[in-house]
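Quick note on labels: first sequence line is chain A, next is B, and so on, each numbered from 1.
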Protein chains: 2
Amino acid sequence: MATPQTGAGDPTRSLELLWRDLSPAQSKPGPKPRLTVDRIVEAAIAVADREGSCFGMRSVSAELGVGAMTIYRYVPGKRELIDLMVDRVGRNDGDESLLEGLDWRARLELLAEGTWEVYDAHPWLLEINQRRPVFGPDSMAGYDFAISAFEGHDLPDREINLVITSIMNLVTGTARQYLMRDSAEEAPLADEREWWAIQEPYLKRAFESGRFRHVQRFSDESAWDATAHQAMRYALERFLDGLAPRMEAVRRKGSEA
Amino acid sequence: MATPQTGAGDPTRSLELLWRDLSPAQSKPGPKPRLTVDRIVEAAIAVADREGSCFGMRSVSAELGVGAMTIYRYVPGKRELIDLMVDRVGRNDGDESLLEGLDWRARLELLAEGTWEVYDAHPWLLEINQRRPVFGPDSMAGYDFAISAFEGHDLPDREINLVITSIMNLVTGTARQYLMRDSAEEAPLADEREWWAIQEPYLKRAFESGRFRHVQRFSDESAWDATAHQAMRYALERFLDGLAPRMEAVRRKGSEA
DNA sequence: CTGAATCGGGTACGTTGTACCCAGTAATAG
DNA sequence: CTATTACTGGGTACAACGTACCCGATTCAG
């Protein structure tokens, strides 16, 4: 397991756990379990928030105060645990009625901002390589919520999916570029300013070679001072500008939004 | 080193190697080096193309037919090697004159398609977590190329950067979702159809609960049959649609493109 | 030739995920 | 009650990883 991944383990095991029956278990022989899958997932999320995506299974065990191998009684392996974590952080207890008064554009902006906030709270999510989408209850609810933003418009289902995917990718892409944090195991990284100070002598020499005339023209420092969130908003706004005429064209008669 | 990263090692060492002086070395005591940094980087890329992003340093050594530790004479560590690989695969020997007859939109589409092709050829790139952008000669040339697409327009420098970043993130985001491949170390993954067949019973039961009414409405299979490339193109086209009025507004007088 | 610097290779260490074994516990059957 | 049985938590151990370190061989300057 070199790189943390979702959808890389045994999908059946992951799905079984994601959609597991939560009704109280009937009585069985043997000691009562000390842990639950939920507690493990939440502990793992807490550890990942602290240590980054390369959290270790031993850290999760330690967080729960149990032996290293104990959590394997509840979860088949790290990959499946990550599947559970990813679904869990996507949980949104927000009220769907929040969308009521909003038009499609405000709704999609809300969707993007919500996703952004999740990444901001759990930057390790950005380092996870999703092989195949594993749908659990929470991510399914998020997807359902996203589709509901298109109510009152007759955009074809296929295009609705394309729009949702586009927005997600746009948010994820921007977040990945800006939001990755130091993980505990690594030496702390230089901050933005320090980083450019390190590169500067090399870039300066490169510019002097004359090979990069267009970049060279960007002398003004303000060309680079966009924040992460501004970059995301810019991409989103242009995308929605481009979507607008199509949405207007399919607005259902009698719908004011 | 749990997850492969760029910009996580010692940046000075990476930069030193990226911008290293290629003039023939003066004579030194000791045996002639059997390898070069370039050969190592190319071997590492070949291995990663084959084995995925979780390639091992030992595989790179084996590819070159040398001992496991030998490459450490040339490269300080894996993280710095990845910095070199990332810069290298971005190399583009395409002629800048290709842009001559094209308008801004065609140029940006070309930029996106070019990036897409790189990901298609080297999917391990998508699994690399870039902490900070490490600029080398090749990525700098790509950036220079990107800026050149805005010639003939007076878009503010800051917005040019936002547009380039947006397009890159959009392409990367979509590619990440679709283009990740099986790596050698993992069991081969189910293909698309097989994957949904695995999830189907769980999703079916979920729909029966009535919690996901909007998703449920998407009964038609054609809602999901967009290919990876189509998804990228859709996001790109909407973004460019939204950018168009701004580009027209700043078109320089006397420029036909 | 001598001394010094550099090369390649082998050994070994710490960390990772996790397979496996064993002792202890609690519900059930008689 | 006791015996059986299923299940628990914990400890040990292994393979793979990146890489620190050492040593003998090699080739330069003087």
Side-chain angles (χ1 to χ4, degrees), chain A residues 1-6 8-10 13 24-37 39-40 43-44 47-48 51-83 85 127-128 183-187, chain B residues 1-6 8-10 13 24-37 39-40 43-44 47-48 51-83 85 183-187:
Chain A
M1 160 110 45
T3 122
Q5 295 174 338
T6 355
D10 182 348
R13 308 290 297 279
Q26 64 270 26
S27 77
K28 292 176 309 179
K32 294 283 162 250
R34 193 183 302 178
L35 303 175
T36 61
V37 174
R39 275 193 63 205
I40 293 174
V47 170
E51 299 185 15
S53 79
C54 355
F55 73 95
M57 292 299 267
R58 285 172 173 85
S59 304
V60 179
S61 306
E63 175 88 4
L64 291 160
V66 299
M69 290 305 296
T70 300
I71 50 179
Y72 283 90
R73 291 258 163 220
Y74 301 83
V75 164
K78 188 177 186 179
R79 288 188 290 244
E80 291 82 3
L81 174 57
I82 291 179
D83 286 344
M85 294 165 66
E127 306 183 27
I128 303 237
S183 45
E185 55 152 7
E186 311 281 346
Chain B
M1 161 112 43
T3 122
Q5 294 175 339
T6 357
D10 182 348
R13 307 290 297 277
Q26 64 270 26
S27 75
K28 291 177 308 177
K32 292 281 161 255
R34 194 182 300 176
L35 303 175
T36 61
V37 175
R39 276 192 63 204
I40 293 174
V47 170
E51 299 186 15
S53 79
C54 354
F55 73 95
M57 291 300 265
R58 285 173 172 85
S59 304
V60 179
S61 306
E63 175 88 4
L64 291 160
V66 299
M69 289 306 295
T70 300
I71 51 179
Y72 283 90
R73 292 256 165 221
Y74 301 84
V75 163
K78 189 178 187 179
R79 288 188 289 245
E80 290 81 4
L81 175 57
I82 291 179
D83 286 344
M85 294 165 67
S183 45
E185 56 151 8
E186 312 281 344

Enquirer: From the set D/dA6, C/dG8, D/dA13, return the single nucleotide nearest to any side-chain atom of B/Arg73.
Expert: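 Out of D/dA6, C/dG8, D/dA13, the nucleotide with an atom closest to B/Arg73's side chain is C/dG8.
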Enquirer: Just N and O in the side chain of A/Lys28: are any of them under 4.0 Å from OP1 or OP2 of D/dA6?
Expert: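 No, no such contact exists.
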Enquirer: To the nearest Å, how far apart are A/Ile71 CD1 and D/dC7 C1'?
Expert: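 Atom CD1 in A/Ile71 sits about 18 Å away from atom C1' in D/dC7.
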Enquirer: For a quick test of reading the model: is some side-chain N or O of B/Ser27 closer than 4.0 Å to OP1 or OP2 of D/dA29?
Expert: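 So the side chain of B/Ser27 is within the cut-off, an N or O lying under 4.0 Å from OP1 or OP2 of D/dA29.
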Enquirer: Quick check: any donor-acceptor pair below 3.5 Å linking the side-chain of B/Arg58 to the base of D/dT19?
Expert: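 Yes.
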Enquirer: Between B/Pro31 and A/Gly77, name the one whose nearest nucleotide on DNA chain C is closer to the 5' end.
Expert: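 It is B/Pro31, whose closest nucleotide lies nearer the 5' terminus.
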Enquirer: Could you check how far CZ of B/Arg34 sits from P of D/dA25, rounded to whole Å?
Expert: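 Computing the B/Arg34:CZ to D/dA25:P distance gives 15 Å.
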Enquirer: Measure from NZ on A/Lys78 to P on C/dT18 and round the result to the nearest Å.
Expert: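 Rounded to the whole Å, the gap is 8 Å.
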Enquirer: Side chain of A/Met69: nearest nucleotide among D/dG18, C/dA26, D/dT12?
Expert: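 The answer is D/dT12, which lies nearest to the side chain.
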Enquirer: Return the 5'-most residue of the pair A/Leu35, B/Tyr72 with respect to DNA chain D, ranking by each residue's nearest nucleotide.
Expert: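 It is A/Leu35, whose closest nucleotide lies nearer the 5' terminus.
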Enquirer: Between atom CZ in A/Arg79 and atom C1' in C/dT18, what is the gap in whole Å?
Expert: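 Going from CZ in A/Arg79 over to C1' in C/dT18 covers 11 Å.
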Enquirer: Measure from the side chain of A/Tyr74, starting at C-beta and using heavy atoms only, and say which of D/dG18, D/dA29, D/dG9 lies closest.
Expert: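 So the side chain of A/Tyr74 is nearest to D/dG9.
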Enquirer: Nearest-Å distance, CG (A/Leu64) to P (D/dT8)?
Expert: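 In whole Å, D/dT8 P and A/Leu64 CG are 16 Å from each other.
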Enquirer: Under 4.0 Å between any heavy atoms, over every strand shown, what does A/Gly30 touch: base, sugar-phosphate, or nothing? Just pick one.
Expert: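 Base contact.
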Enquirer: Look only at the side chain of B/Tyr74 and the backbone of B/Ile40, and say whether a donor-acceptor pair between them is shorter than 3.5 Å.
Expert: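 No, B/Tyr74 side chain to B/Ile40 backbone: no donor-acceptor pair under 3.5 Å.
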Enquirer: So, do A/Glu63 and A/Phe55 sit near enough that their side-chain heavy atoms are less than 4.5 Å apart?
Expert: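 Side-chain contact under 4.5 Å: no.
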Enquirer: Between D/dT8, D/dC28, C/dT18, which one does the side chain of B/Lys32 approach most closely?
Expert: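 So the side chain of B/Lys32 is nearest to D/dC28.
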Enquirer: Under a 3.5 Å distance rule, please check whether B/Glu80 uses its side chain to pair with a backbone N or O of B/Val75 as donor and acceptor.
Expert: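 Checking the backbone N and O of B/Val75 against the side chain of B/Glu80, no donor-acceptor pair under 3.5 Å is found.
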Enquirer: May I have the distance from A/Phe55 (atom CZ) to C/dG17 (atom P), rounded to whole angstrom?
Expert: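 Spelled out: CZ on A/Phe55 to P on C/dG17 is 8 Å.
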Enquirer: Taking for each residue the nucleotide of DNA chain D with the nearest heavy atom, is it B/Ala68 or A/Gly65 whose nucleotide lies nearer the 5' end?
Expert: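 Upstream on the strand: A/Gly65.
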Enquirer: Does any part of the side chain of B/Arg34, heavy atoms only, come nearer than 4.5 Å to the side chain of B/Thr70, both counted from C-beta?
Expert: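 Counting from C-beta outward, B/Thr70 and B/Arg34 never come under 4.5 Å.
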Enquirer: What's the closest nucleotide to the side chain of B/Met57 if the choices are C/dT6, C/dG9, D/dG18?
Expert: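 Nearest listed nucleotide: D/dG18.
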Enquirer: Rounded off to whole Å, could you give me the CG-to-C1' distance for the B/Leu81 and D/dC17 pair?
Expert: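 Between C1' of D/dC17 and CG of B/Leu81: 15 Å.
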Enquirer: Quick check for you: to the nearest 0.5 Å, what is the distance between B/Leu64 atom CG and B/Arg39 atom CZ?
Expert: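 Going from the CG atom of B/Leu64 to the CZ atom of B/Arg39 covers 5.5 Å.
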